[in-house]
Amino acid sequence: MFRKILIANRGEIALRIIQACRELGIRTVAVYSTADRDSLHVTYADEEVCIGPPPSSQSYLNISSVISAAEITGAEAVHPGYGFLAENASFAEALEECRIGWIGPQAKSIRLMGDKSKARQTALEAGVPVVPGTTEPITAVDEAKRMAAEVGYPVILKAAAGGGGRGMRIVQDESQFESQLETASEEAERAFGDGAVYLEKYLVEPRHIEFQILGDRFGRVVHLGERECSIQRRHQKLIEEAPSPALSGDLRQRMGEAAVRLAQYVGYQNAGTVEFLLDQDGSFFFMEMNTRIQVEHPVTEVVTGLDLVKLQLKIAAGEPLEVGEGITARGHAIECRINAEHPETLTPSPGKITTFHPPGGPGVRVDTHAYEHYVIPPHYDSLIGKLIVHGADRQEAMVRMERALDFFVIEGVHTSIALQRQIIQDPRFRSGEFSTRFMERFRMIPAEAVAQGA
Amino acid sequence: MFRKILIANRGEIALRIIQACRELGIRTVAVYSTADRDSLHVTYADEEVCIGPPPSSQSYLNISSVISAAEITGAEAVHPGYGFLAENASFAEALEECRIGWIGPQAKSIRLMGDKSKARQTALEAGVPVVPGTTEPITAVDEAKRMAAEVGYPVILKAAAGGGGRGMRIVQDESQFESQLETASEEAERAFGDGAVYLEKYLVEPRHIEFQILGDRFGRVVHLGERECSIQRRHQKLIEEAPSPALSGDLRQRMGEAAVRLAQYVGYQNAGTVEFLLDQDGSFFFMEMNTRIQVEHPVTEVVTGLDLVKLQLKIAAGEPLEVGEGITARGHAIECRINAEHPETLTPSPGKITTFHPPGGPGVRVDTHAYEHYVIPPHYDSLIGKLIVHGADRQEAMVRMERALDFFVIEGVHTSIALQRQIIQDPRFRSGEFSTRFMERFRMIPAEAVAQGA
Amino acid sequence: MLTFEQIKELIDIVCQKGLQGLEVERSDFRLRIDGRAAPRVPVGQELVPSADAGASEANPMESAENEAGAVETGLLQATGDGVHTITSPIVGTFYASPSPEADPYVQIGDEVKKGQVLCIVEAMKLMNEIESDSDGTIIQIIGRDAQPVEFGEPLFVIQPA
Amino acid sequence: MLTFEQIKELIDIVCQKGLQGLEVERSDFRLRIDGRAAPRVPVGQELVPSADAGASEANPMESAENEAGAVETGLLQATGDGVHTITSPIVGTFYASPSPEADPYVQIGDEVKKGQVLCIVEAMKLMNEIESDSDGTIIQIIGRDAQPVEFGEPLFVIQPA
């Protein structure tokens with residue numbers, strides 16, 4: 001096992017990695033920007049190195065500074081956490097050149113999965129379903145129509161050069177196909193100077209389901225079950241849970257096998273996550289693979305009883321996976337990401353935390369780098385903590401989350417707690433019947449109205 | 001289920017009961033003495049009633065005030081927590097007369113188990129072994145010698161009127177018997193004016209093992225496995241764990257069955273704990289039964305995934321036990337009681353907490369009513385929180401506890417954290433081979449010496 | 001000696017600079033400005049979760065609870081020069097009269113003697129007579145008939161004789 | 001005796017210098033200024049668990065970290081009237097000379113020009129030449145040869161020309 005590693009991150013995940021290292025007897029080196037001098041990851045690490053000014057481009061994203069910090073402290077390996085350099089293949093390669101270990105998958109896996117179209121191609125090769133559609137732009141209307149009929153309506157037309165919703169058209173049935181194709185192509189031409197359009201099956205109410213994967217150096221890959229991450233806003237996950245209320249045992253098995261198949265096909269090592277879209281009819285499609293530890297890893301830890309960060313460290317140190325086959329989930333876990341942002345406008349809310357009182361008691365876990373008097377710097381993302389609950393079943397997890405949110409007191413900055421309390425109480429959330437479009441329809445009741453109603 | 005209950009307690013257990021009530025949708029009434037105005041149980045309860053001045057005899061132990069508070073708030077039942085009125089049969093009866101529910105066992109069970117000699121007699125009747133010895137004072141030396149040979153040396157001679165170690169003699173073998181009996185009898189005569197002496201088997205290195213029991217109103221009784229509570233000082237538990245490193249599956253089954261047998265014999269309802277002494281040769285003896293929730297209940301909750309306080313409420317509301325047979329423990333749990341006391345001198349350390357930063361992350365639970373700026377009143381016991389960790393096995397639980405103790409920052413008052421850190425690191429604790437005499441031999445390394453060694 | 005305008009200017013400076021204080025003293029003149037107190041909301045209050053804020057409004061003791069000294073003042077609340085407050089020694093239900101039909105024990109303006117019964121607080125079906133602890137005149141009756149009272153809650157205000 | 005303008009000037013000085021207070025007393029005059037409220041010690045420090053206290057002692061930046069303004073002053077530390085500090089713009093290893101056998105780039109008392117190389121900080125096998133950002137005289141060399149330096153760590157103190 002490593003004797004000393006460097007943590008190339010900040011915030012709650014840096015602290016999380018320090019916790020795992022402490023338990024394994026590994027010394028830790030924290031790196032920090034001048035904006036993070038008073039951060040807990042600096043306080044709790046065994047050593048700390050200032051690597052630059054507040055902008056992350058000059059500190060946490062500065063490969064040369066991070067590697068220098070590892071060199072001057074004699075760190076044997078680097079854990080990148082999530083974000084920043086975690087999915088930067090060049091960083092992983094630079095470390096290798098400097099003979100510093102990397103607590104993550106091989107650079108080639110990062111690079112392959114970081115390229116959307118290559119990842120899609122790889123999934124197809126591994127026999128993992130992807131969202132059906134054309135791989136080349138539409139040239140002949142008739143062939144496109146045949147394709148649409150094959151994948152089944154509704155279908156979506158997407159500008160090849162596109163993004164941001166422009167040049168996207170949903171076609172409900174064949175009668176609209178030609179006119180919508182024309183419009184999409186014209187929009188694409190106007191917006192991007194390129195009228196080329198792809199066709200893809202349109203999932204009306206998909207769920208975001210992801211599988212946690214672990215692979216060791218000896219070719220063994222296991223999955224640790226799924227996480228339900230459909231509660232997102234602007235592609236930012238807000239609430240995650242495990243297991244998903246939408247998966248039957250059979251479906252779980254098939255999706256898990258597909259995830260393992262893909263990871264095995266690319267010779268994946270360390271922790272990773274295979275993300276799927278799950279259609280209402282139970283068909284599922286590969287979306288992407290994240291080649292790092294996820295923010296929401298605790299829900300998997302809570303139901304499996306495993307420590308994923310410790311397992312990452314053990315795998316990177318060359319140990320074989322000590323996890324048995326058929327890991328069983330116990331109970332139900334829900335995570336709320338506590339962001340320092342206004343719950344209605346979603347604008348970030350940096351500044352000084354004047355009161356910080358996390359909840360405790362049975363089935364409550366808090367992962368946070370915040371504390372009373374901590375000043376949240378404006379330079380980085382607004383996640384200030386994660387509240388994770390564990391219950392015997394989904395019902396208990398939900399009421400426990402309500403209770404824990406009620407007892408979580410943060411003052412001085414705005415947080416997403418009020419928003420999450422309302423989501424947890426929402427009848428559709430409660431029913432378990434929701435899709436990634438949940439937040440489109442969700443309207444928060446403003447604080448004043450809540451107060452009046454009480 | 002109840003709509004509103006009153007919590008006849010303070011501190012962390014009052015808060016623990018509020019958490020359970022919140023999750024079950026039960027409104028809570030807190031009672032408090034004037035010394036506890038700023039306590040969290042007052043803040044977090046739905047209603048609160050001041051019941052008296054700081055001395056507990058005039059507030060938390062004042063039956064009439066507590067019942068009046070229940071009456072004026074319309075509380076349907078009372079949860080007594082532990083300590084104070086929790087094992088007061090008269091209180092349970094007074095509530096019954098006032099038609100207020102009681103979240104605990106029947107008054108007759110409390111009274112029966114509260115009388116040591118009746119409890120011992122009841123255990124014998126139920127076929128549960130008690131420490132062998134004479135039930136009447138020794139009159140004939142020869143018969144006493146035969147008895148000693150029967151229970152096996154060493155034996156202990158105890159003054160019938162005794163207490164506090166006086167008139168107690170350990171007899172290692174038969175050759176010493178007569179002379180020791182004479183000394184014991186003389187000591188007893190001098191100390192208590194009564195030379196009557198009992199004989200009992202002497203357990204050299206016993207372990208304190210207790211079994212958690214739950215009984216419902218329909219006669220069903222289950223046990224939820226054991227807790228290892230041998231780490232005590234002056235009969236105060238310091239560290240508890242589940243499962244015990246000393247129990248084989250077979251022994252666990254036999255002890256659990258004995259505990260259930262006793263509870264069933266007395267028609268026990270609600271939560272209770274059967275305490276045993278476990279001898280080195282694997283024989284076990286009933287010590288006493290606690291007819292309440294225990295301080296250390298979280299270790300059982302953590303490994304079973306059950307919420308004992310919720311189950312207490314459900315049983316008291318007349319629901320049948322929803323717990324299956326053969327509850328399996330997952331992993332290993334350890335609890336450290338965090339007391340506001342000097343770790344070396346053990347003198348209480350009331351006062352203002354200037355910094356309070358509890359640990360978080362995987363497998364860490366904190367039950368506390370303390371917070372930054374909280375003033376610990378000098379009137380009550382010194383427990384300010386419980387730190388509970390859960391690991392895949394005892395090894396992981398121990399390193400996790402070390403990590404959590406290291407990251408638990410409390411300033412302004414002395415706490416037992418430094419002591420507990422040393423106990424957790426002690427090689428004998430680590431080995432799992434210890435008895436209730438562990439703390440007799442344990443010598444804390446003073447803080448200055450630790451600092452110098454670092 | 002400083003002019004009024006100059007003093008105002010100094011106050012502004014003290015505030016702007018965040019000084020803790022300023023003192024100027026001359027033979028026949030002394031000025032002392034104490035800077036702003038560091039604002040510090042009492043922690044008990046900060047910890048009230050917003051969702052619960054309404055729950056405790058009905059509690060008449062609440063206003064007294066912000067003061068660290070509330071423990072003392074709750075027992076004998078000096079509400080003005082010389083007057084003092086009779087508080088409830090127990091939790092229970094306040095009754096102004098011995099029975100529903102009877103007249104109240106005392107009314108505002110009544111002169112009372114030490115030891116005279118002022119009201120009843122019922123606790124567990126026991127009628128506890130609450131006596132005046134001094135001679136004086138009843139100037140306020142705070143307890144409301146048949147309403148619950150907590151320990152230390154004010155019942156009467158008396159102007160001692 | 002001080003004039004009003006003089007009092008104002010003294011207040012400015014007290015604030016600028018970060019004094020805790022100033023008192024002037026003469027036969028018929030007394031002035032007392034209480035400085036700004038003391039900046040709270042950053043909590044990060046308070047939170048250092050005792051077991052770890054030794055770990056960070058080697059950090060030469062530590063002493064500067066008590067000031068809220070350390071982010072700025074760390075970059076250009078004014079250590080006295082007019083002098084300023086050259087800090088390391090990167091993490092790496094400090095070398096006072098271009099090679100082990102060579103003489104140091106500069107020594108105490110040397111006059112240097114803006115743009116003149118003062119030392120090397122090696123990061124990832126790259127030798128980064130650190131230049132003086134002003135004309136002046138080297139009055140202190142803080143960097144130690146072949147020792148690690150962090151971002152913002154002081155290397156030289158210069159008395160500008």
Check: Side chain, backbone, both or neither: which part of A/P298 has an atom under 4.5 Å from a heavy atom of chain B?
Finding: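 Neither part; nothing is under 4.5 Å.
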
Margin query: Please classify the contact of A/V302 with chain B as side chain, backbone, both or neither, using a heavy-atom distance under 4.5 Å.
Written below: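 For A/V302, the backbone is the part near chain B, not the side chain.
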
Checklist line | CZ/A/R3: more than 12 non-hydrogen atoms of other groups inside 6.0 Å | finding: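 No, CZ of A/R3 has 12 or fewer neighbouring heavy atoms, counting only those of other groups under 6.0 Å.
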
Check: Of the non-hydrogen atoms in B/T304 and A/R330, which two are nearest, and what is the gap between them?
Finding: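 So the two residues come closest at C-NH2, 3.5 Å.
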
[X] versus chain A, heavy atoms under 4.5 Å apart: side chain, backbone, both or neither?
X	result
B/R16	side chain
B/P359	neither
B/K310	side chain
B/A397	neither

Check: Between A/E396, A/E12, A/H390, A/M398, which residue shows the highest count of heavy-atom pairs closer than 4.5 Å to chain B?
Finding: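 Most heavy-atom pairs under 4.5 Å with chain B: A/E396.
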
Notebook entry, point to check: If you count heavy-atom pairs under 4.5 Å between each of A/G361, A/G25, A/G391, A/A20 and chain B, which one has the most?
Noted result: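 Looking at each of A/G361, A/G25, A/G391, A/A20 in turn, A/G361 comes out on top.
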
Notebook entry, point to check: When rounded to the nearest 0.5 angstrom, what is the spacing between CZ in B/F407 and CG in A/L15?
Noted result: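 Going from CZ on B/F407 over to CG on A/L15, the span is 6.0 Å.
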
Item checked: Step-by-step side chain to side chain contact (heavy atoms under 4.5 Å, CB included) determination, A/V364 to B/Q19 -> CA-CA 11 Å; A/V364 173; B/Q19 290 163 351; over 6 Å; no

Notebook entry, point to check: If you measure only the distance, is there a donor-acceptor pair under 3.5 Å linking the side chains of A/E372 and B/H357?
Noted result: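 Absent: no donor and acceptor within the cut-off.
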
Item checked: Side-chain ion pair, B/R22 and A/E402, N-O less than 4.0 Å ->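 Not counted as a salt bridge, because no side-chain N and carboxylate O are separated by less than 4.0 Å.
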
If we define contacts as heavy-atom pairs under 4.5 Å, which of [options] has the most with chain A?
options	result
B/V303, B/I388, B/V309	B/V303
B/A392, B/A404, B/P362, B/G360	B/P362
B/R400, B/M401, B/E301	B/R400

